[in-house]
Amino acid sequence: MSAPDAGTVRVRLDIAYDGTDFHGWAAQDGLRTVAGVLEDRLATVVRRPVRLVVAGRTDAGVHAHGQVAHVDLPADAFTQRSLTEPADLVRRLSRMLPPDIRLHGASAAPEGFDARFSALRRHYLYRVSCAPAGVLPVRARDTAAWRRPVDRGAMQAAADALVGLHDFAAFCRAREGATTVRDLQEFTWTDVSTDVEPETYEARVTADAFCWSMVRSLVGACLAVGEGRRAAGFTGELLGERRRSPRVPVAPANGLALTGVDYPADELLAARAEETRATRGPVDGEGEGGPAGRA
């Protein structure tokens with residue numbers, strides 16, 4: 001989807017959700033998905049079918065704090081008594097959405113805005129507990145359990161070897177016709193342990209885009225190095241491979257959250273979208289969940 005048709009308004013949606021009870025982002029027949037629920041509720045409000053375009057499709061069980069999507073709505077939808085502008089969607093949908101989805105922003109998108117193709121970079125946070133006792137119960141839905149001690153310094157060294165513009169084929173599920181070249185801009189491990197959450201770590205991962213299952217594979221590879229199951233230099237060696245490596249463990253979905261998406265200045269949105277389309281191609285899956293939004 002490119003520019004909105006005449007008679008429609010492109011609306012930017014800022015969304016948060018707990019992915020635990022969803023089969024990923026993308027709408028799928030017979031399954032509860034984030035897009036499926038949102039599109040159903042939006043269609044009820046505007047009284048016709050709608051389709052969302054998202055910045056980063058997420059896998060089953062993956063969360064989002066700062067997901068971004070756009071939708072093209074008919075201009076006459078905003079002639080209702082309780083819906084006169086896009087911002088009114090926040091109040092209307094707050095009464096209709098389940099507690100594990102929240103629309104926390106809705107606005108008329110600037111000219112040239114495309115939630116997926118205009119994005120400059122996506123930010124993810126991965127949270128994991130390596131404590132023998134497991135995860136603190138109140139964090140069980142957003143913190144993965146690894147239950148083996150790790151060396152954070154070794155994990156950071158493994159992460160540092162991956163930063164930069166590389167072919168991440170070894171970390172991505174295959175998608176015919178899709179590039180696996182990505183610019184990994186940040187991969188930082190932090191010890192966030194407390195008395196009640198010992199041996200707890202967070203990884204912040206930023207790239208221009210992510211292919212299917214890439215973030216959890218990056219995290220899994222570092223955890224394997226951190227616990228000593230893989231040698232130092234393991235992650236750097238993987239950059240030389242040109243297909244998905246069976247040696248890379250995929251970290252559990254529940255520890256992962258999309259925390260934000262960056263866009264250029266308004267006057268550069270259209271140019272960025274065209275540049276991305278030319279580089280990635282129409283079949284390339286953008287986001288951790290890839291083309292189908294499934295784990």
Side-chain angles (χ1 to χ4, degrees), residues 16-20 56 58-67 121-164 166 168 170-172 182-207 210-211 213-239 245 247-261 287-289 295:
Y17 49 88
D18 177 338
T20 305
T58 48
D59 286 345
V62 175
H63 319 294
H65 309 161
Q67 181 67 277
R121 62 190 67 86
R122 285 90 170 160
H123 304 274
Y124 280 88
L125 173 70
Y126 195 91
R127 202 168 194 278
V128 59
S129 170
C130 298
V135 179
L136 191 69
V138 296
R139 301 305 301 259
R141 292 171 74 95
D142 74 348
T143 304
W146 198 253
R147 288 197 176 89
R148 292 182 290 276
V150 295
D151 180 329
R152 188 185 69 83
M155 292 196 298
Q156 187 59 60
D160 289 342
L162 297 170
V163 174
H166 303 291
F168 288 94
F171 300 90
C172 298
R182 297 291 188 267
D183 181 14
L184 184 62
Q185 299 167 5
E186 179 187 2
F187 193 178
T188 306
W189 285 93
T190 304
D191 186 337
V192 294
S193 304
T194 65
D195 289 344
V196 294
E197 286 191 285
E199 298 180 61
T200 301
Y201 305 92
E202 290 182 352
R204 295 190 179 274
V205 190
T206 298
F210 293 92
C211 51
S213 212
M214 178 176 162
V215 181
R216 291 193 290 137
S217 297
L218 295 173
V219 169
C222 289
L223 287 168
V225 171
E227 68 174 77
R229 183 154 49 102
R230 299 293 185 193
F234 172 62
T235 54
E237 293 170 5
L238 289 168
L239 293 175
S245 174
R247 298 185 294 154
V248 177
V250 180
N254 67 308
L256 184 61
L258 174 64
T259 58
V261 184
E288 167 65 10

Checking the side chain of [X] only, and the main-chain atoms of [Y] only, is there a donor and an acceptor separated by less than 3.5 Å?
X    : Y    : value
S245 : A170 : no
R122 : V261 : no
E227 : C222 : no
R182 : M214 : no
T190 : V192 : no
R152 : W189 : yes
S213 : C172 : no
T235 : A161 : no
H63  : R141 : yes
N254 : T20  : no

Interatomic distance, [X] atom [atom1] to [Y] atom [atom2] [nearest 0.5 angstrom]:
X    : Y    : atom1 : atom2 : answer
Y124 : L256 : OH    : CG    : 6.5 Å
Y201 : L223 : OH    : CG    : 10.0 Å
D59  : R216 : CG    : CZ    : 4.5 Å
D142 : L136 : CG    : CG    : 10.0 Å
D191 : C130 : CG    : SG    : 9.5 Å
F187 : L218 : CZ    : CG    : 5.0 Å

Inset, instruction - Could you list the residues that satisfy side-chain hydrogen bond (donor to acceptor under 3.5 Å, both in side chains) with R204, not counting sequence neighbours? - result: none
Would you indicate whether the side-chain heavy atoms of [Y] and [X] approach each other to under 4.5 Å?
X    : Y    : result
F171 : C211 : no
L162 : L239 : yes
V205 : L184 : yes
V163 : E186 : no

Inset, instruction - Run the salt-bridge test on E197 and R127 with the 4.0 Å N-O cut-off and return the result as yes or no. - result: yes
Between [X] and [Y], what is the shortest heavy-atom contact and its length?
X    : Y    : answer
A154 : V225 : O-CG1, 3.9 Å
A221 : V248 : CB-CG1, 4.3 Å
R229 : P249 : NH2-CG, 4.2 Å

Inset, instruction - Could I get the full list of side chain to side chain contact (heavy atoms under 4.5 Å, CB included) partners for H123, not counting sequence neighbours? - result: R121, T206, T259, D262
Inset, instruction - Under the side chain to side chain contact (heavy atoms under 4.5 Å, CB included) rule, collect the residues that match up with A131, sequence neighbours excluded. - result: S129, P198, E199
